[in-house]
Amino acid sequence: MAAEADFLLRYRAVSNKLKKRFLRKPNVAEASEQFGQLAKELKQEECLQYAGFCNLAVARCEQTLFNAAGEALALTDAARLFLQAEKETQRLQCPGFEEHLQAATNCYSFAIKVYIELNQPVMAASLCLELGNALKEMNKPGEACVYYHRAAELQSQVPIECLLSLGKVASCKIIMCDYDGALAVFTEMQLMAQEKGLQLPGTNAPVGAFVDVIARCEMCRVLLLMLLQPPPQKLLPEHAQTLEKYDWESFDSHSQVNNLPESVFLLLQSVVMACQEKDLESLKVLQVELWPLLTPEQNHLLHLVLQEVVSPSGRGV
């Protein structure tokens with residue numbers, strides 16, 4: 001309580017310096033510096049939310065001084081402090097209304113807005129990703145998805161970064177069991193990687209990280225289509241084209257899917273055939289063979305495919 005009372009007294013003392021007086025202009029720069037010093041002391045004392053409030057005061061001072069860069073930096077510091085306070089509250093399992101998380105989200109949002117006004121989309125996107133990662137870690141994939149998608153929009157001029165952010169959107173949709181949404185995002189990613197990705201001179205073959213992105217999208221799309229099993233009348237042309245590559249009659253056409261290792265392509269082709277035949281035992285064998293070749297996310301989808309064969313839910317109908 002003593003520390004809290006001392007904080008309030010010092011905070012009010014600095015705030016009083018900002019009040020307008022007759023024939024005297026307040027020294028905003030000095031107040032900003034003092035709020036910043038108070039924030040550092042409170043952070044060292046692990047009074048994180050109070051330090052966050054002080055950084056908010058710094059941001060207001062910097063706004064008054066028309067220092068947008070300083071305002072954005074102070075807002076970011078405040079957001080991180082509030083976020084840290086929320087994580088500590090959750091770690092201690094204290095009851096609450098997630099007020100620190102709400103404060104952090106607001107600070108991040110204002111900082112993002114300032115960076116956009118400063119024409120710094122990279123900084124704005126990095127804060128979107130930072131907030132998205134924190135929300136996902138707190139088991140809030142729906143809210144995280146919004147900020148990942150905003151990051152992707154801000155990174156539209158940098159295709160690989162945009163694709164990575166969209167990949168996070170797809171992962172969140174899988175966590176939320178929005179498999180149709182995840183399929184749409186992976187399809188969008190694959191088309192973008194093929195159209196905007198770096199290519200070998202004189203060919204349409206992608207290179208570098210774009211190859212990995214296309215491979216991930218291809219595998220996830222096939223597994224999601226096997227999970228959803230949409231009827232022919234609901235199968236979109238781009239999805240039908242993908243499944244045609246894995247038809248048994250296309251056994252010798254691996255060149256069409258040259259972004260996948262041949263062993264993975266053949267195993268996925270077998271998965272498609274086993275799903276079409278509802279052959280559970282073959283799927284179990286294929287799952288064992290594919291397990292070390294897939295990511296945890298893809299293995300989760302393959303497990304769901306097996307469950308769908310055992311007990312159809314009619315997701316795609």
Side-chain angles (χ1 to χ4, degrees), residues 1-118 120 123-124 126-140 143-144 146-147:
M1 287 297 293
E4 182 176 340
D6 181 57
F7 153 70
L8 289 172
L9 288 173
R10 293 177 63 186
Y11 186 91
R12 285 171 183 163
V14 179
S15 297
N16 286 333
K17 294 180 181 180
L18 294 173
K19 291 181 179 178
K20 292 183 179 180
R21 290 181 173 83
F22 183 66
L23 296 177
R24 184 181 173 188
K25 193 175 181 181
N27 191 338
V28 180
E30 182 185 358
S32 178
E33 185 179 343
Q34 290 177 349
F35 277 131
Q37 182 59 38
L38 182 55
K40 290 179 182 177
E41 293 176 17
L42 288 166
K43 183 180 179 181
Q44 289 175 349
E45 295 174 10
E46 296 186 359
C47 300
L48 302 174
Q49 67 270 35
Y50 296 140
F53 286 126
C54 288
N55 274 307
L56 277 178
V58 173
R60 285 194 293 272
C61 291
E62 297 301 324
Q63 184 184 46
T64 304
L65 295 168
F66 301 100
N67 180 10
E71 179 189 359
L73 184 60
L75 284 168
T76 303
D77 288 340
R80 289 169 179 164
L81 287 164
F82 285 127
L83 191 60
Q84 196 176 342
E86 180 64 31
K87 288 179 179 179
E88 185 65 14
T89 300
Q90 292 188 6
R91 186 185 70 82
L92 296 172
Q93 297 183 350
C94 296
F97 298 98
E98 297 186 340
E99 61 274 10
H100 298 322
L101 179 59
Q102 186 60 50
T105 302
N106 290 338
C107 290
Y108 272 117
S109 296
F110 280 119
I112 290 165
K113 181 181 177 182
V114 173
Y115 277 125
I116 291 173
E117 290 172 354
L118 287 172
Q120 294 186 23
M123 292 297 295
S126 69
L127 291 183
C128 288
L129 290 172
E130 187 175 316
L131 179 55
N133 290 337
L135 290 168
K136 185 180 178 183
E137 186 181 332
M138 292 181 179
N139 197 27
K140 296 181 181 294
E143 295 175 32
V146 174
Y147 289 96

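For this chain, numbers begin at 1 and follow the sequence in order. Keep in mind it's a predicted model, so treat the numbers as computed, not measured.
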As a quick check of understanding, evaluate side-chain contact (heavy atoms from CB on, under 4.5 Å) for Met138 and Lys87, giving each step before the final call. CA-CA 8 Å; Met138 292 181 179; Lys87 288 179 179 179; 3.5 Å; yes
Quick one: do Glu71 and Lys113 make a salt bridge, cutoff under 4.0 Å? no
Write down the atom of Ala79, the atom of Cys107, and the distance for their closest heavy-atom approach. CB-CB, 3.6 Å
What are the two closest non-hydrogen atoms of Val58 and Ala74, and how far apart are they? CG1-CB, 3.7 Å
Quick one: are Ser109 and Tyr147 in side-chain contact, heavy atoms under 4.5 Å? yes
Just by distance, do the side chain of Glu117 and the backbone of Tyr115 share a donor-acceptor pair under 3.5 Å? no
Any side-chain donor paired with an acceptor under 3.5 Å for Lys19 and Asn16? yes
Trace of the salt bridge (charged side-chain N to carboxylate O under 4.0 Å, His left out) decision for Glu98 with Lys140: CA-CA 12 Å; Glu98 297 186 340; Lys140 296 181 181 294; 3.2 Å; yes
Using only atom types and a distance under 3.5 Å, with no angle test, would you say the side chain of Glu62 pairs donor to acceptor with the backbone of Gly70? no
Ala72 and Val114 have their tightest heavy-atom pair at CB-CG1, 3.8 Å
Check step by step if side-chain contact (heavy atoms from CB on, under 4.5 Å) holds for Lys17 and Asn27. CA-CA 7 Å; Lys17 294 180 181 180; Asn27 191 338; over 6 Å; no
Within a strict 4.5 Å, meaning less than it, do heavy atoms of the Cys61 and Leu18 side chains meet? yes
Do the side chain of Ser126 and the main chain of Met123 share a donor and acceptor less than 3.5 angstrom apart? yes
Nearest heavy-atom pair of Cys128 and Ile112: which atoms, and what distance? SG-CD1, 3.5 Å
Measure the shortest side-chain to side-chain distance between Arg10 and Gln34 over non-hydrogen atoms and say whether it is less than 4.5 angstrom. no
Within-4.5 Å side-chain heavy-atom neighbours: Asn106 and Phe82: no
Restricting to ring pair (Phe, Tyr, Trp, His ring centres under 6.0 Å), what partner residues turn up for Tyr11, sequence neighbours left out? Phe7, Phe35
Less than 4.0 Å between a side-chain N and a carboxylate O, is that true for Arg80 and Glu130? yes
Would you give the length of the straight line joining atom OG1 of Thr105 to atom NE2 of His100, rounded to the nearest 0.5 angstrom? 13.0 Å
Shortest non-hydrogen contact from Gly52 to Leu81? N-CD1, 3.7 Å
Is Leu56 close to Leu75 at the side-chain level, that is, under 4.5 Å between some pair of heavy atoms? yes
When every non-hydrogen atom of Glu86 is compared with those of Leu101, the smallest separation belongs to OE1-N, 3.3 Å
Any donor-acceptor pair under 3.5 Å linking the side chain of Thr89 with the backbone of Ala85? yes
What residues form a side-chain contact (heavy atoms from CB on, under 4.5 Å) with Ala134, not counting sequence neighbours? Leu83
Can you confirm whether Glu33 is buried at CD, in the sense that more than 12 heavy atoms of other residues, nucleotides or ligands lie under 6.0 Å from that atom? no
